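One structure is given below, encoded as structure tokens.
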Amino acid sequence: MPELPEVENVRRSLIPHLVGHTLTEARLLRADVCTTENAATPTPADLLQGATVRSIERRGKQLAVVADTGRVLNIHLGMSGQVLVRPANPTPEEKHVHAVWTTAARSIIFKDPRRFGGLWTFSTFEALLISRWRMLGPDALDADPLTWVASLRRGRRCIKATLLDQSVVAGIGNIYADEALHRAGVHPATLSHRLSPARASALGDSVRRVLAEAVEAGGSTLRDYRNADGVSGRQQEKHLVYGRSGERCLACSAPLRTATLAQRTTVWCPRCQTKR
DNA sequence: AGGATAGCCTGCGGGC
DNA sequence: TGCCCGCAGGCTATCC
């Protein structure tokens, strides 16, 4: 569920708790959620114990906590991952907490029931860029759309699959793919190579608009998503198609259609969204 | 090599 | 009440 807007809100909410703060302790409670560069067992130092946080970066749906030592902790939330701020004093038993960091003022926990997410440690930011982030396309919000909009027209698969492909453009998940397609009037089953340059450009604009709007609304909370301070998002109230299977289109009142596309539940309006 | 598919994992809601 | 099943889905590995 956490897509670009949710991850960006986690990033922003973490900054006051982490940037400029020293991590006095880093504890890994479940070793298999964390991977190091050389596949060795992660040490507390790998997890930034003793370091001061310099910045928190994001690319697509992934975060990178950069320490003043140059070390980097890459966090991917997957489906159910959360980074949450807790009081400094010992927290009551909480399920599915896999890592805990301590600062002078707070504890920060990584919690992930479904464990589709994880942690990756790197000795430098460059090491992250040439390994895990090498397969990510440009960030859907931060990058110039000219760098990726033309790529939406490549391939023989449907445009929904292309939007979800993180190597084309990074940050779009199932929710915002459907929302952007509806806003652009593009049918999700349109073959990517059949998309006209003008429609690809319009779709790129829709992607950016819906993501920017969602960031400002604090992301979408369907069930679990919260920012690091535990605050829910409000963008789910603005969804035009996602989660509205069987209901009527808010733009034209035609019954919305639902099908599985690219192995994802896909909702669209058969009247507003066309293949050409 | 691009693209489709299976599998990972847990919680929840519906049906019986 | 309780059990079972289906569903949610980001990403990697594997296959075609």
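A, B, ... follow the sequence lines: proteins, then strands. Residue 1 opens every chain. In this text the structure is predicted, and so the values were computed from the model without any measurement.
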| With sugar-phosphate meaning primed atoms plus P, OP1 and OP2, does A:Gln263 contact a base, only sugar-phosphate, or nothing at under 4.0 Å between heavy atoms? | base
| task | Indicate whether OP1 or OP2 belonging to B:dC9 is found under 4.0 Å from a side-chain N or O atom of A:His96. | result | no
| query | Checking A:Asp229 side chain against A:Val231 main chain: does a donor-acceptor pair fall under 3.5 Å? | reply | no
| message | Can a side-chain donor-acceptor contact be found between A:Gln62 and A:Asn74 if the only test is distance below 3.5 angstrom? | response | yes
| message | Measure CG/A:Leu222 against P/B:dG11 and give the value in whole Å, please. | response | 18 Å
| task | Report the residue (A:Arg154 or A:Arg264) whose heavy-atom-nearest nucleotide on DNA chain B is the more 5′ of the two. | result | A:Arg154
| task | Send over the distance from A:Leu63 CG to C:dC11 P, rounded to a whole Å. | result | 12 Å
| query | Between C:dA8 and A:Tyr225, is there an OP1 or OP2 to side-chain N/O distance shorter than 4.0 Å? | reply | no
| query | In terms of side-chain heavy atoms, does A:Thr162 have a donor or acceptor partner in A:Asp165 at a distance below 3.5 Å? | reply | no
| said: Without decimals, in angstroms, what is the distance between A:Arg156 CZ and B:dA4 P? | reply: 11 Å
| message | Whether the side chain of A:Glu25 engages the backbone of A:Gln49 through a donor-acceptor N/O pair (distance < 3.5 Å, no angle test) should be reported. | response | no
| said: Tell me if the CZ atom of A:Arg12 is crowded by more than 12 foreign heavy atoms within 6.0 Å. | reply: yes
| said: I want to check one thing: is the phosphate of B:dG11, taken as OP1 and OP2, less than 4.0 Å away from some side-chain N or O of A:Arg114? | reply: no
| field | Closest to side chain of A:Lys61, choosing from C:dG9, C:dC11, B:dG3 | value | C:dC11
| request: Would you mind classifying the nucleic acid contact of A:Tyr176 as base, sugar-phosphate or nothing, using non-hydrogen atoms under 4.0 angstrom? | output: nothing
| task | Compare the ring of A:Phe116 with the six-membered ring in the base of C:dC11 and state whether they stack (centres under 5.5 Å, planes under 30°). | result | no
| How many Å lie between CD on A:Gln62 and P on C:dC11, as a whole number? | 7 Å
| Integer-rounded Å distance: B:dC9 C1' and A:Asp112 CG | 9 Å
| request: Return no unless some side-chain N or O of A:Lys95 is found under 4.0 Å from OP1 or OP2 of B:dG11. | output: yes
| query | C:dT12 P sits how many Å from A:Arg134 CZ, rounded? | reply | 12 Å
| task | Tell me which of A:Ala161 and A:Arg223 sits closer to the 5' end of DNA chain B, going by the nucleotide each one is nearest to. | result | A:Ala161
| Touch check for A:Ser80, heavy atoms < 4.0 angstrom, all strands: base, sugar-phosphate only, or nothing? | nothing
| A:Arg132 side chain: which of C:dT12, B:dC9, C:dG10 is closest? | C:dT12
| query | Is a side-chain N or O of A:Gln273 found less than 3.5 angstrom from the main chain of A:Gly185, in a donor-acceptor match? | reply | no
| task | For A:Leu163 and C:dC11, give me the distance from atom CG to atom P, rounded to whole Å. | result | 14 Å
| query | So what does A:Gly155 touch, heavy atoms closer than 4.0 Å: a base, only the sugar-phosphate, or nothing? | reply | sugar-phosphate
| task | Measure from CD1 on A:Ile159 to C1' on B:dG3 and round the result to the nearest Å. | result | 15 Å
